[in-house]
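Heads up, the thing below is written out as structure tokens.
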Amino acid sequence: MQLGYGKLILFGEHFVVYGLPGIASAIGLYTRCRLYPNEKGITVNDRLTNKHILVGKGNSDILEQTMQIILKETALEKKNFRLEIDGNIPIFGGLGSSAALIVSIARELNREFLLNLSDKKINEIAFKAEHVFHSAPSGIDNTVSTFGGLVWFEKNLHGGKNKMEQLKMKKPLLVVIGNTRIIHDTGEAVKFVRAQKEKQPKKFEQIFGQAKELAHEAKKELIAGNGKKVGELLNKNQGLLKQVGVSSKELELLCETALGAGALGAKLTGAGMGGCMFALAKNAEQQKKIAREFEKEGFGSYITKVGV
Ligand code: MEV
């Protein structure tokens, strides 16, 4: 059995698609894949989405398309096996569930068939298969899910190697994830941002400039473990995402709730327009308080750490 981890984008979602820096961390939520050999054909039971497919039956389901890419990349099309998928990551919620799914499948095939795939190759497969979920992924989700930890990421817009740096923090940050439970479509959110950018190029140029500066400042403060400053920068990043138009009334309410409970900062994470946000807490007690406030408002909550 192999796991693929979810992620939190701390800084720079959407902007990373345009080659600006993003900072993301793996989190404890995961997708799990277990392979049972000697079955007829290749079947996949995904308990997270409740999908059960016999691969190669030619339908256009995203799970089928994902499997086609993974099987082609690993040259396992002729094998017989069944994959059982489960886990605890909310799907289509901005926490990198698609990348986690692909990574868990690729790692499980690697284990079972002794493919000796490097992390670099797992990451390449995950990036290719991520295109099934949205047509222009930056690569940040699959990179974090594959390599784990806290990652600085810059997409190479000319098709060359992306910039990836693993950041070490003095102490981990205590966060609370708030889940609107509104499922979003990352592809649609990315398309929406592109359309806005085309309509208002001047405004976006300005926002992009600020986003870049913010990410560089955040990198310094994260490494230094300056939670207070990181919190302020998270709030500024949320302001930029709001201007871009990917926040929502539920995400804003979650951010306000967290800040009202004393959080150091709060912002949406991932594509936005629903999905999840997270808040940075001062200590474990406050973390629990924020989680309780989220639940009181009817939202989901999950307590975790980043930078461990
Ligand atoms: C999705 O988790 C993050 C986005 O920036 C899209 C991407 O980077 O591929 C919205």
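Start at 1 and go down the list; that is how both ligands and their atoms are numbered. Throughout, residue positions are numbered sequentially from 1 according to the sequence presented.
At a 4.0 Å cut-off, not a single heavy atom of K155 sits close enough to ligand 1 to count as contact. Using a 4.0 Å heavy-atom cutoff, H134 is listed among the residues neighbouring ligand 1.
Every atom of ligand 1 is numbered from 1 in the order shown, and the set under 4.0 Å from a heavy atom of E13 is 5 (O). Listed by number with element, the atoms of ligand 1 under 4.0 Å from a non-hydrogen atom of I140 are 8 (O). With ligand atoms numbered from 1 in the order given, ligand 1 contributes 5 (O), 8 (O) to contacts under 4.0 Å with heavy atoms of V16.
A salt bridge links E165 and K219; the closest N-O separation between the charged side-chain nitrogens and carboxylate oxygens is under 4.0 Å.
The closest side-chain donor-acceptor pair between E64 and Q68 falls under 3.5 angstrom. For the residue pair S145/N142, the side-chain donor-acceptor check at 3.5 Å is not satisfied.
In the hydrophobic clustering of ILVMFWY residues, with side-chain heavy atoms under 4.5 Å counting as a link, V246 and V17 come out together.
Any N or O atom pair closer than 3.5 Å counts here, and K7 shares at least one such pair with ligand 1.
The protein non-hydrogen atom at the shortest distance from atom 4 (C) of ligand 1 is H14 N, 4.0 Å. For atom 1 (C) of ligand 1, the nearest non-hydrogen atom of the protein is D141 OD2, 3.8 Å. Of all protein heavy atoms, the one closest to atom 3 (C) of ligand 1 is I9 CD1, 3.7 Å.
Annotation: Y36 is not in aromatic contact with F81 [ring centroid separation under 6.0 Å not met]. Remark: aromatic rings of H131 and F127 are close, center separation under 6.0 Å.
Relative orientation of the F208 and Y18 rings is tilted, given thresholds of 30° and 60° on the angle between their planes.
If you check each of S138, S97, G270, G272 against atom 9 (O) of ligand 1, the one with the closest non-hydrogen atom is S138.
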